[in-house]
Amino acid sequence: MRPGYVMTRLAQAALVLWAAWTLSFVVLYLLPGDPVRILASGGLENPDLDPARLAQLRADLGFDRPIALQYLTHLADALQGDLGRSITSGQPVVEVIARAIPVTLPLALASLAVAVPVALTIGLLANAVRARWAAELAFSTPALIVSVPTFWLGLVLLQLFSFRWHLFPAASTDSLAGLVLPAVTLGLPNGAILGQVFARSLSQTLAEPYVQVAIAKGLRRSRVIVAHALRNALIPTLTVLGLVVGNTLAGSVIVETVFARPGLGRLIARAVTVQDIPVVQGAVLLGAVVFVLTTLVVDLLYPLIDPRIAHTAPAGTRS
Amino acid sequence: MSTSAYRATLAGPTVRGWLRRPGLLLSCLFLLVVAVAVTRPSLLAGADPLHGQIGERLRGPEAAYLFGTDHLGRDLFARVVHGARLSLAATGLAVALGAVTGTLLGLAAGYRGGVVDAVLSRLTDVLLAIPSLLLSLAVVTALGRGTVNIAVAVGVGSIAAFTRLARAEVLRVRRSDYVEAAQAIGIPWWEVVARHVLPNSAAPVLALVIVEFAMAILSVASLSFLGYGAQPPTPEWGVLIAEGRDHLATSWWMTTLPGLTVVALVVSLNRIARAVQGR
């Protein structure tokens, strides 16, 4: 792998992060709604605010300066790893987020452990099984799964597996059994999206001439899929995996609310409720970081899976 | 598309054509029922959605109460029917905002090209890099809670998809001879867009509108489930499901049945979107 390609991709990644940060700044600080009033009210619905104190606070926080100057100051702080302080707890945003990660990371990994086998099953069922009904089922199930609201899926699973059949605990942060239902809730929709792409690209690959040749020469269909088609069908699937991993953080907001897990998602949900602007901005930035890192890893993996891909190609072909 | 299905399309909506696609028929019928629920909810459900009889609380589904009753003895079916208007009004506002803004940006990017295109395309990339729910949550943080605000938040989250599609459509239609001819005889660009580009892109844009409408139903419900939209006792689908949370162990119908209604609507819309795309 050429170092030049890696450098270009790193520069692109940094650019996307800067743009995401800027966008969140625009949304949070420039949309109608007074950030100082929000910061001062501490999450109360109709706080009784003294105008003089509000003006004082405005000056203290630098909100009376030109917006361009505010933006540059915030950006300079962010570049030094300072994302400001949470308005509710007063602690640095970076610390607040770092403390919640150990709760959410196992959930995210477990959800991927659910999503990937689901996707493989859907893809193989759609292409490797001779029975027509199985293939049709495999092609139509993903559309049904993504039509289900995530929070409702979680509640239904909770109702059946915890309250009716007592198979899994309803809320348990430290046990492995407590991780099962949240991971399924988060992983099933992602597995459906991945499976849809995998099934389609696998059937496209199986229609290619070289596969037909292999089958004509008498190779078993299962062997053709494993030895020849799988590798090529993985490329589009990996691209979508980048999106899916990026979505895990957003999904955790809902899943952790349903299952009462004190992780990143719960932190974000609470921050939105009390309009804790610095924490929400940190969360948006983290979402972009996760997305950028995954796509970076996926891009660097492409040439390993398919040597035909020139090192400069993937960035262009995906836009 | 199989030959018979293609003939069915050519023949228009004949009885046999409909019967050959029962899924599509059911989807359209369900959409009709939902349309009645939005415009004339009392035709479908006569019961009061806001006041219940406490003696009738937490009753399971039965002939008198199709969806059962909630913890205050209110008829859940009436609450779901009356909730359609608020839920779908918020969804409609969200999609209108996303479709109009996104399509305009996409038309500008595709038609003007150059710097405008470069800037708008990079902006779309960034919008797509941030999970749309996180973006919506940022908008809710800035604007505060409320149904209109979550509609705006969901709309902002769907702009990028429309921008991308509209841009691709413009680039496709632009290359055709008649558009080049129209440009050559000096017809202003906005007229070319209105006369040639938009009508030719109608089917894919309409399909995306329906798909995004289905997605927006889920997003709006999610945001109100999290408590950022309508507040109880207002009947709204996300709120109804959230209210059932405290009664999961005893009253399955309180979460299950409103949720199934949402699923049925989203599935129907996706089926209709596929038909619009000609599949």
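Per chain, numbering begins at 1; letters A, B, ... match sequence-line order.
Without hydrogens or angle criteria, B:Gln231 side chain to B:Gly229 main chain gives a donor-acceptor distance under 3.5 Å.
Residues A:Arg270 and A:Thr88 have side chains not in contact (no heavy-atom distance under 4.5 Å, counting atoms from C-beta outward). In this structure the side chain of B:Arg122 never reaches within 4.5 angstrom of the side chain of B:Val126, judged on heavy atoms.
The residue among B:Leu269, B:Leu265, B:Val263 with the most heavy atom pairs within less than 4.5 Å of chain A is B:Val263. Comparing A:Val284, A:Leu153, A:Leu155 by heavy-atom pairs within less than 4.5 Å of chain B, the highest count is held by A:Leu155. When each of A:Ala288, A:Pro149, A:Ala271 is scored by its heavy-atom pairs under 4.5 Å with chain B, the top score falls to A:Pro149. Of the residues considered (A:Val258, A:Leu144, A:Leu158), A:Val258 shows the highest number of contacts with chain B, using heavy-atom pairs under 4.5 Å.
Only the side chain of B:Leu226 comes within less than 4.5 Å of a heavy atom in chain A; its backbone stays farther off. Heavy atoms of B:Leu260 lying under 4.5 Å from chain A belong to its backbone as well as its side chain. In this structure, the portion of A:Val280 lying under 4.5 Å from any heavy atom of chain B is its side chain and not its backbone. Looking at A:Val146, only its backbone comes within 4.5 Å of chain B, counting heavy atoms on both sides. Proximity to chain B is absent for every atom of A:Ser24, based on heavy atoms less than 4.5 angstrom apart. In this structure, chain A has heavy atoms under 4.5 Å from both the backbone and the side chain of B:Ala249. Heavy atoms of A:Leu249 lying under 4.5 Å from chain B belong exclusively to its side chain. Heavy atoms closer than 4.5 Å to chain B are found in the side chain of A:Leu23, but not in its backbone. Of the atoms belonging to B:Leu248, heavy atoms from both backbone and side chain fall under 4.5 Å from chain A.
The aromatic ring centres of A:Tyr29 and A:His74 sit less than 6.0 Å apart. For A:Trp21 and A:Tyr71, the ring centers are positioned less than 6.0 Å apart.
Counting heavy atoms of neighbouring residues, nucleotides and ligands inside a 6.0 Å radius, atom CZ of B:Arg172 exceeds 12 of them.
Under the ring-ring contact (aromatic ring centres under 6.0 Å, His included) criterion, the residue pairs touching residues 224-248 of chain B are A:Phe151-B:Phe225, B:His71-B:His247, with sequence neighbours excluded.
Scanning for side-chain contact (heavy atoms from CB on, under 4.5 Å) contacts around B:Val116 gives B:Arg112, B:Leu120, with sequence neighbours left out.
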Next on the checklist: A:Phe259 vs A:Thr185, test: side chain to side chain contact (heavy atoms under 4.5 Å, CB included). Steps then yes/no.
Outcome noted: CA-CA 10 Å; A:Phe259 291 94; A:Thr185 310; 3.5 Å; yes

